[in-house]
Protein chains: 2
Amino acid sequence: MNTIDKIQKNLANFSKSERKVAEVILAEPQIAIQSSIATLAKMADVSEPTVNRFCRRLDTKGFPDFKLHLAQSLANGTPYVSRHVEASDSPESYTGKIFESSMAALDSAKQSIDPQLVNRAVDLLTQAKQIHFFGLGASAAVAHDAQNKFFRFNVPVICFDDPLMMRMSCINAGEGTVMVLISHTGRTKALVEIAALARQNDAHVIAITTKDSPLARESSIALTMDVPEDTDLYMPMASRLAQMVAIDVLATGFTLRRGARFRDNLKRVKEALRESRYEKVSL
Amino acid sequence: MNTIDKIQKNLANFSKSERKVAEVILAEPQIAIQSSIATLAKMADVSEPTVNRFCRRLDTKGFPDFKLHLAQSLANGTPYVSRHVEASDSPESYTGKIFESSMAALDSAKQSIDPQLVNRAVDLLTQAKQIHFFGLGASAAVAHDAQNKFFRFNVPVICFDDPLMMRMSCINAGEGTVMVLISHTGRTKALVEIAALARQNDAHVIAITTKDSPLARESSIALTMDVPEDTDLYMPMASRLAQMVAIDVLATGFTLRRGARFRDNLKRVKEALRESRYEKVSL
DNA sequence: CATTTAAATGTAGTTTAATTACATCGGTGG
DNA sequence: CCACCGATGTAATTAAACTACATTTAAATG
């Protein structure tokens, strides 16, 4: 947990002198991490051991260890007290906040994704005769992106954002088909039904969704991530960013599994785009 | 600059013993920040002053100061020495790296985006009678996503990923039309031509692209971001993540500008989705 | 190839910072 | 009003980091 937040939260529990220390640190954390225990004690107008006790109260080994933790939490961001956009925010402010919260969401996704499941999903994908990506609403864009990525691998790949088309493609699916269903909530009825239908037709179903959701239960492999829900109105749907990165991870695993010769092929796909572009003039 | 990167970059400049220190730190940075100078010296099999000299060479005041810098750069990410995926990477490793590099890309985009231009773009968007989003290839998914977002605002919005359709819509565009063109390189010929065509028809053109690109020059407002290029093969195209977040920023600015009554409307759009979902059972 | 010189590294001593043990102050309940 | 406990400070101790200097190693020149 973030040290600054922790100090803030414990303000009430501190003793009088410890609170003085806390306030000095909160006021100028950057100064604090560069100070010795003596300097900081003087700034807070307390004794050195009080500063030391303060550090211990925050579950650190001592003053140097505390500085380390503080330094990390400063680097980690929270340059904005809150990452939530307020109606009064300036363009500078909301721009920063949105990037911040997007990064925080990716971090949270990273912490919660299971690389072992990634690995098993890659297993399925590399053996697939055809791959289908399905997504509705905001996740449709992710499915499109996935198609664009996997298409380069020279695998039969298709993407649908229409439940009827999805149903139809399930009927024709078989052993060799891998369906990747993308849904943040994992509660979209249409998609959950399609997962079931696909499995009845012996297709493998990989879900990119939330833990313990109906969709996760209907899938062969549920690649789940914890992404903070978009509780307030302004907050963009960070989930689709995490989903895209998850697709990147699968694509990377796929590439790695396929070996060196396959990668030459990829390079050629990239080069094929060159003609459609204006030359970059080197200075 | 990130301390870990700095060490990596200077590896060649170090002396033999200093390199030993560098290697120990790079191998286990988390251990390093918790060690005393004596412990670290023993781990690297060098003397204490050597460690100290190593710290100074990296422009720090001494060992404690160095640890502080290192701690910050660890918090900032780069738990992996390199963010580049290697052929030998395990699932844990490449999963982590891809999330890391995505976050790093967003950070870089955040640093380089100009909030004043965001503000001007929002000006245009709020006054638009209709909004068109154009993107080709990987950026097509971003355009779709943008459509999905702005559609909720009850503005006439459309998205094309087909150059012919784009051209046609330019002809019918006029004063009140805002075109948002999305292209990482800003060198895709088809898209640059469309920017010019749109402007000839008095439409406003907002480009989400790279600085100093042909597309940026053809636009009314060029919202540019520095995103590390996908130099190596495994690296996913982080640019589309940055583009999506940029769209989020514009959408947020749009919402804020429209005021409170408009936001009620948004809430209703969200609620309209509820029926299509399975209820969340609270435990 | 020997010799000189400079750079690199280590050793031991010094200084500074952090911690501990203990004393004192201040408030609270009996 | 006093006894006790928690909070705080003082002074001594310990540990860490740094400096000055000695030694080694490598490079360069005659």
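Below, chain A is the first sequence line, B the second, and so on; all start at residue 1. Because the structure is predicted, anything quoted here is derived from the model rather than measured.
- Under the side chain to side chain contact (heavy atoms under 4.5 Å, CB included) criterion, B/Ser90 pairs with B/Glu92, B/Ser93, not counting sequence neighbours.
- The A/Ile37 side chain lies nearest to C/dA18 when the options are D/dG9, C/dA18, D/dC18.
- Between its opening and closing five pairs, the helix from C/dC1-D/dG30 to C/dG30-D/dC1 changes axis direction by 10°, a value rounded to 10 degrees.
- Across C/dT9, D/dA16, C/dT19, the shortest atom-to-atom separation from the side chain of B/Ser36 is found for D/dA16.
- Of the residues in residues 39-48 of chain A, those placing a heavy atom less than 4.0 Å from an atom of DNA chain C are A/Glu48, in numerical order.
- Every residue two or more places apart in sequence or in another chain that forms a side chain to side chain contact (heavy atoms under 4.5 Å, CB included) with B/Ala22 is listed here: B/Ile7, B/Leu11, B/Phe14, B/Phe54.
- Counting only distance, with no hydrogens or angles, the side chain of B/Ser108 and the backbone of B/Ala104 share no donor-acceptor pair below 3.5 Å.
- Neither side chain, B/Ser213 nor B/Thr210, offers a donor N or O lying under 3.5 Å from an acceptor on the other.
- Contact annotation: the side chain of B/Ser139 approaches that of B/Gln243 to within less than 4.5 Å [non-hydrogen atoms, C-beta and beyond].
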Between the protein and nucleotides 20-22 of chain C, which nitrogen or oxygen pairs come in under 3.5 angstrom?
{"residue": "C/dT20", "atom": "OP2", "partner": "A/Arg56", "partner atom": "NH1", "Å": "2.7"}
{"residue": "C/dT20", "atom": "OP2", "partner": "A/Arg56", "partner atom": "NH2", "Å": "2.8"}

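- Taking every heavy atom of residues 20-32 of chain A and every atom of DNA chain D, no pair lies under 4.0 Å.
- In this structure, a donor-acceptor pair under 3.5 Å is present between the side chains of B/Arg257 and B/Asn119.
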